[in-house]
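Keep in mind that the numbers below use all heavy atoms, side chains included, and drop hydrogens, waters and symmetry copies. If you're wondering where the values come from, they're calculated on a predicted model, not measured in any experiment.
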Protein chains: 2
Amino acid sequence: MPKPTGSRTFEQVLAEIERRITASGLTVGDRLPGERQLAEELQVSRSSVREAFRVLETLGLVEVQVGRGPNAGAILSYDPGATLTDLLRLNLRLSSLTMREVVDTRLMIEQWSAAQAARMPAGHDPESSRAMAAALAAMDGAATPEEFVRHDMAFHIALTDRAGNTLNSAIMRALSITLRQYATEAVHRLGHTADLQTDHRLIHSAITAGSAADAATAVAEHLARAYPPIADGREVLPSSA
Amino acid sequence: MPKPTGSRTFEQVLAEIERRITASGLTVGDRLPGERQLAEELQVSRSSVREAFRVLETLGLVEVQVGRGPNAGAILSYDPGATLTDLLRLNLRLSSLTMREVVDTRLMIEQWSAAQAARMPAGHDPESSRAMAAALAAMDGAATPEEFVRHDMAFHIALTDRAGNTLNSAIMRALSITLRQYATEAVHRLGHTADLQTDHRLIHSAITAGSAADAATAVAEHLARAYPPIADGREVLPSSA
DNA sequence: GACCAAATATGGTCAGACCATACACCTATC
DNA sequence: GATAGGTGTATGGTCTGACCATATTTGGTC
């Protein structure tokens, strides 16, 4: 037991909030009591409640808004992506992670997702289907590498969404954001995007055709092309996030 | 731009700390200034510094200790696992995630890792090698389902470590902890562990023999046996964590 | 009914105090 | 001189109470 259920006050507040979520069946969209009210209910100071709220906010579980009315206060939300993104970015800064590992994990998720997506019935999740097609078209019309990469990210995220695992989707979103600048530089280096688009269409048609194995292969080849300079070193994150 | 670089004070403190980490080359083990000192340096209140510290702590980037001496204060650390675990647990509580998705993601990582591990040269990472063998033996001698599951977790984590991707390892650790109680109940239901151990040995020998495909297949079959009742519903987390 | 102004509830921030903890330092003793 | 014990002090942890900023609600006025 590394943590003996936290003796600090804000940890007890966290435990109580977690207990209430479980017991009262609170869910996304519901509101937590205000800072002052919760402080009085639990007989703790407002500072402790605030520190607990910062933790919940960091975990992407609540969104806090000032002012008055139904939208003010701490609202239960669902955005693990932001947390994961922060986590990845900071760990790259600390050199606890390498770009190589991030890219490999992305390949893993995307290969898996492409295979799963190919196995889905034709009419499955029309929204992600539309998103993939739209991203493909938008990449054709992209005027700058930045714009291309933006739609490229959308394409790969839609692909992951299509596999239907929201946990994988959340991780994929975080990985994409982390790799964005890297991807942009790669496109600049390449100088053109024709090969990448050929890859994308190969992936897309394999999924549409229901060929899981082909889809997985196409994804692997695409990422090998997109991230060639990454060998095995401890590349650091570009200076600007 | 969802976040305009945070107008709140504690977010500016976070940005400044992140800047210092990047600029000064601070790394794991180094100490951040004390709360009072940082507050004065940045001309903000101690409360704001504390809220920033709570965020860093939640992200697993610092560990805070009271008292005096070289171990006191906020030390840069590296423990994304705790954050991921909290993230998973709370999102399961909010029903934003299903057990099915968690199990699927675990299968994905473990299949990938088993295949990668099988491709490694024989002498690679002797530590995880030893850990796998030790866990196998310990499972044979386990007297209770709880003890069996503890060593089972160690086995699967060692397998993932052997693939050499620390990001995947961190995710796998979080998934394992999240699934622990579930796994324990599954072993209780099964009533015996012979089949599971047969699976484990199959996985182990496939990796040792360097057969990536066999290793991946063995992992898939093992997890299908270990988590059979999970179909497609929105199973909730067991009440006690 | 529309519009504008005041009241109010909410989070955001600050200053200052006191407590608990754990090491640092110094003194007394041998 | 070495050791043991007490005291000092820097650190995080918590609380109180105040004030500010913001956004909605309320109510009055035209």
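- With rounding to the nearest 0.5 angstrom, the CD atom of Gln65(B) is 7.0 Å from the CD1 atom of Ile75(B).
- Of the inter-residue distances, the one linking Met172(B) atom CE with Leu167(B) atom CG reads 13.5 Å to the nearest 0.5 angstrom.
- Contact between Arg31(B) and Pro70(B) at its shortest, heavy atoms only, is CD-O, 3.7 Å.
- Remark: Glu51(A) does not engage Arg54(A) in a salt bridge, criterion side-chain N to carboxylate O under 4.0 Å.
- A side-chain N or O of Glu101(A) and one of Thr166(B) form a donor-acceptor pair less than 3.5 Å apart.
- Ring orientation note: the planes of His200(A) and His156(A) are nearly perpendicular, at an angle over 60° on the 30°/60° scale.
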For a quick test of your reading: what N or O donor-acceptor pairs under 3.5 Å do the side chains of residues 33-40 of chain B make, sequence neighbours left out?
unit_1   : atom_1 : unit_2   : atom_2 : d
Glu35(B) : OE1    : Arg46(B) : NE     : 3.0
Glu35(B) : OE1    : Arg46(B) : NH2    : 3.1
Glu35(B) : OE1    : Arg50(B) : NH1    : 3.3
Glu35(B) : OE2    : Arg50(B) : NH1    : 2.9
Gln37(B) : NE2    : Glu41(B) : OE2    : 2.9

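- When the salt bridge (Lys or Arg N to Asp or Glu O under 4.0 Å) test is applied to Asp30(B), no partner is found at least two apart in sequence or on another chain.
- Taking a cutoff of 4.0 Å between a charged side-chain nitrogen and a carboxylate oxygen, Arg19(B) and Glu16(B) qualify as a salt bridge.
- The shortest non-hydrogen separation linking Thr58(B) to Thr83(B) is O-OG1, 2.6 Å.
- Between the CD atom of Glu110(B) and the CG atom of Leu175(B) there is a distance of 9.5 Å, given to the nearest 0.5 Å.
- Here the range on DNA chain C touched by chain B, meaning any atom under 4.0 Å from one of its heavy atoms, is dG12(C) to dA24(C).
- Note that the two end axes of the helix from dG1(C)-dC30(D) to dC30(C)-dG1(D) enclose an angle of 10°, each drawn from 5 base pairs, rounded to 10 degrees.
- DNA chain D is contacted by Gly34(B), Glu35(B), Arg36(B), Arg46(B), Arg50(B) of residues 34-53 of chain B, taking any non-hydrogen atom closer than 4.0 Å.
- Looking at residues 60-72 of chain A, you'll see Val64(A), Gln65(A), Val66(A), Gly67(A), Arg68(A) sit with a heavy atom under 4.0 Å from some atom of DNA chain C.
- Checked for salt-bridge contact, Arg130(A) and Glu127(A) miss the test: no charged N lies under 4.0 Å from a carboxylate O.
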